**Student:** 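There's a structure below that I have some questions on.
Naming convention: chains lettered A, B, ... in sequence-line order (proteins, then strands); numbering from 1 in each chain. It should be emphasised that the depicted structure is a prediction, and the values quoted were computed from it without experimental measurement.
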Number of protein chains: 2
Amino acid sequence: MKRSTIKDVANRLGVNPSTVSRALKDHPDIGLALREEIKRVAAEMRYTPNQMAVQLRQRQSHLIGLVIPEITMFFYPSVIRGIEEVLEPRGYQLVMLPSNESPLREAQNLRFCGENQLAGVLISFTRHTSPADGLSLLTRLDMPVVVFDKSLPDLPFDSVILEDEEAACRATRHLIDSGCTRIGGIFGSPNLLITQKRLQGFRRALSLSGLPFSEAMVRFAGDAAEADLCVREMIALEVIPDALFMMSDEIVMGAYPAILRSGIRIPENCSVICISDGFIPGCYYPGISYLHHDGAGIGREAALRLIGLIESDRSVALPEHRMVNAELVELESTNPVLKGD
Amino acid sequence: MKRSTIKDVANRLGVNPSTVSRALKDHPDIGLALREEIKRVAAEMRYTPNQMAVQLRQRQSHLIGLVIPEITMFFYPSVIRGIEEVLEPRGYQLVMLPSNESPLREAQNLRFCGENQLAGVLISFTRHTSPADGLSLLTRLDMPVVVFDKSLPDLPFDSVILEDEEAACRATRHLIDSGCTRIGGIFGSPNLLITQKRLQGFRRALSLSGLPFSEAMVRFAGDAAEADLCVREMIALEVIPDALFMMSDEIVMGAYPAILRSGIRIPENCSVICISDGFIPGCYYPGISYLHHDGAGIGREAALRLIGLIESDRSVALPEHRMVNAELVELESTNPVLKGD
DNA sequence: ATCCGTTGCGCAATCGTTTGCGGTTGATAA
DNA sequence: TTATCAACCGCAAACGATTGCGCAACGGAT
């Protein structure tokens, strides 16, 4: 039994398809009696509109492309929840387009968005996308787009990102304020703009307090396993910090157990702080203070902006760059605030 | 500058749209010279096919619906990676349809799949979906579907799930074999079939070894925060186990720090084991042995089955129920295997 | 009896592609 | 010279829904 079309309904009643179409959307041109009858029959025949046809006619789908560097358990699940929160009540759906950290795949993903007439695109770039490539990709895409989190320098498109430099600086200062002086840092992939900015903030905090910056005290890790290695290296080289800044949840999950494993005690021998989405720090004991990198919030903001672009006249507005700032959350290890995330 | 259509290309060359269409797909009816010329012009005009139109004509999209109870950082990111791995090379894309643990939203999501002529559906049910509702939803959907992980009893559709009972039993036996006798368990939402089966496995292991089962030693937690509470309650009531089985990563993240916080030492005072996707256990020190609930593997399996249904004659085959078994991974806490997840 | 204005519905084009079929060439065979 | 047959390409009808326009019927006003 195939799905019934508007034509089937029309034939069944001996009326024109256009009449059915109008009746179903309560067009006043159709008499009340017939209108009800049509609705009845349509329901009985379990008619539902074929959205492919509707969208072809309307020249637009209600699909939003989500182009992200990779599907990870960090950050993006929150972002997606935030986005969904905004999209769902407005009838849009999200299409996942993971790029697996490959600029090539990223380009294909964007092409997909164009060919399928998606309503708009939310994108976070891979760690290997060059600013020039990113620019040209989005430019030729010619469709509403909002960049979030992993942005590129000087992009003339709307964006929603964390105040990275400031967040890292405040985190580091928090360590300094609590009396630490030999402060180490573990950062993400050095290609990323957010890494560069967070490193800058880290350095700024040090120099503001007259503390020396030592190359030996900073490490870069592409994932949790590398973060684990970073810690081991530092221990092996006997550059033992009395405090450690970790720029992300993923790094925490690699580095934190590595610290404990090496025999160093937290926080007695080494204070820690990180930039986090908020869930992970409460899952460790002793807990970790963090600057809240609110994934859901960023997702919501980005989605709202995109909906704005889509439903307004998309061509005019100047790009807006929203920087959301991170709130410091201090975790008393005796009474952690475990949120539902 | 609007996107150019096949007609635009045709007009530019003074040929018929059908000729362009055929030329672009290397149909032998079109002469080689013209064929090349058309391709040249098409590329020059940056023509790309409008997939909406193609799909309307072809009566099928290359979109696969992913209906899951909720977007969490646990399990589903791995599942999605597994699915993508299979889908991407075949040109399918994934549409996220989170139900937020609401059966109503779940029903809407499935309706969406129907109306948009998605090629197929991968579904994991919410904890509140009744077997009858699930059955009727999928039946009336009338489209290729594979259920994974959170299934329902006696569903006449293909499914890929973990061998839950067996996994929990083996995990519990592992604790028993290492000499533990007062074994506690923290489980997920009691509505879930996987919870029931894992609880069954837990009990079976106990009874196999002649150990008593005590209601006081099992707790149910809907999320990490509740798992934290479970541990506190057990401590408060002084039902102190010498080993703890945790049925999921999410529960680990709530319970593990709670145990440490209460002063109990792992593994000296309390051995732990869990069922896990594999990443989390290595992120704790001391590490946790686990039975591997391979998200990516389940995702791959489910996707493969679905593709099979889609590309074969979908109507004939009897439903297959695949149970993947979990491998025991013992973590030497001194040298944890941190995988990239 | 004529004119006008509603009311209620059908006709047909359209969105962009695909595809069965038919028709026009030119060359080759009879 | 004519029948035959490729080789090449165009025509038009789909896919399923939407929508501007036209038009019949009817009632009321003049």
**Student:** Going by the angle between their ring planes, with limits at 30° and 60°, are A:Tyr76 and A:Phe148 parallel, tilted or perpendicular?
**Tutor:** perpendicular
**Student:** Spell out, as yes or no, whether a donor-acceptor pair under 3.5 Å connects the side chain of A:Ser4 to the backbone of A:Met45.
**Tutor:**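 Looks like yes, one N/O pair under 3.5 Å.
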**Student:** In this structure, how many angstroms lie between the P atom of C:dG8 and the NE2 atom of A:His27, rounded?
**Tutor:** 12 Å
**Student:** Could you check if a side-chain atom of A:Arg90 sits within less than 4.5 angstrom of a side-chain atom of A:Ile307, using non-hydrogen atoms only?
**Tutor:** yes
**Student:** Does A:Arg111 pair with A:Glu115 as a salt bridge, N-O distance under 4.0 Å?
**Tutor:**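 Yes.
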**Student:** For nucleotides 15-17 of chain C, which of its nitrogen or oxygen atoms have a protein nitrogen or oxygen under 3.5 Å away, and what is each distance?
**Tutor:**
unit_1 : atom_1 : unit_2  : atom_2 : d
C:dC15 : O3'    : A:Arg59 : NH2    : 3.4
C:dG16 : OP1    : A:Arg59 : NH1    : 3.0
C:dG16 : OP1    : A:Arg59 : NH2    : 3.3
C:dT17 : OP1    : B:Tyr47 : OH     : 2.9
C:dT17 : OP1    : B:Asn50 : N      : 3.2
C:dT17 : OP2    : B:Ile6  : N      : 2.5
C:dT17 : O5'    : B:Tyr47 : OH     : 3.2

**Student:** Kindly say whether, by distance alone, the side chain of B:Ser18 makes a donor-acceptor pair under 3.5 Å with the base of D:dC11?
**Tutor:** yes
**Student:** How long is the span from the CD atom in A:Gln93 to the CD1 atom in A:Ile64, to the nearest 0.5 Å?
**Tutor:** 10.0 Å
**Student:** Got more than 12 heavy atoms from elsewhere within 6.0 Å of CG, A:Asp154?
**Tutor:**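 No, the 6.0 Å shell around CG holds no more than 12 heavy atoms from other groups.
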**Student:** Mind checking whether A:Leu162 and A:Met323 have side chains closer than 4.5 Å, heavy atoms only?
**Tutor:** no
**Student:** Among residues 28-40 of chain A, which ones have heavy-atom contacts with DNA chain D below 4.0 Å?
**Tutor:**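 By residue number: none to list.
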**Student:** Grab the CG-P distance between B:Asn16 and D:dA13 for me, whole Å please.
**Tutor:**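 After rounding, the reported distance stands at 13 Å.
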**Student:** Excluding sequence neighbours, so at least two apart, what forms side-chain hydrogen bond (donor to acceptor under 3.5 Å, both in side chains) with A:Asp29?
**Tutor:** none
**Student:** Rounded to whole Å, please give me the gap between CE in B:Met52 and C1' in D:dG16.
**Tutor:**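 Spelled out: CE on B:Met52 to C1' on D:dG16 is 12 Å.
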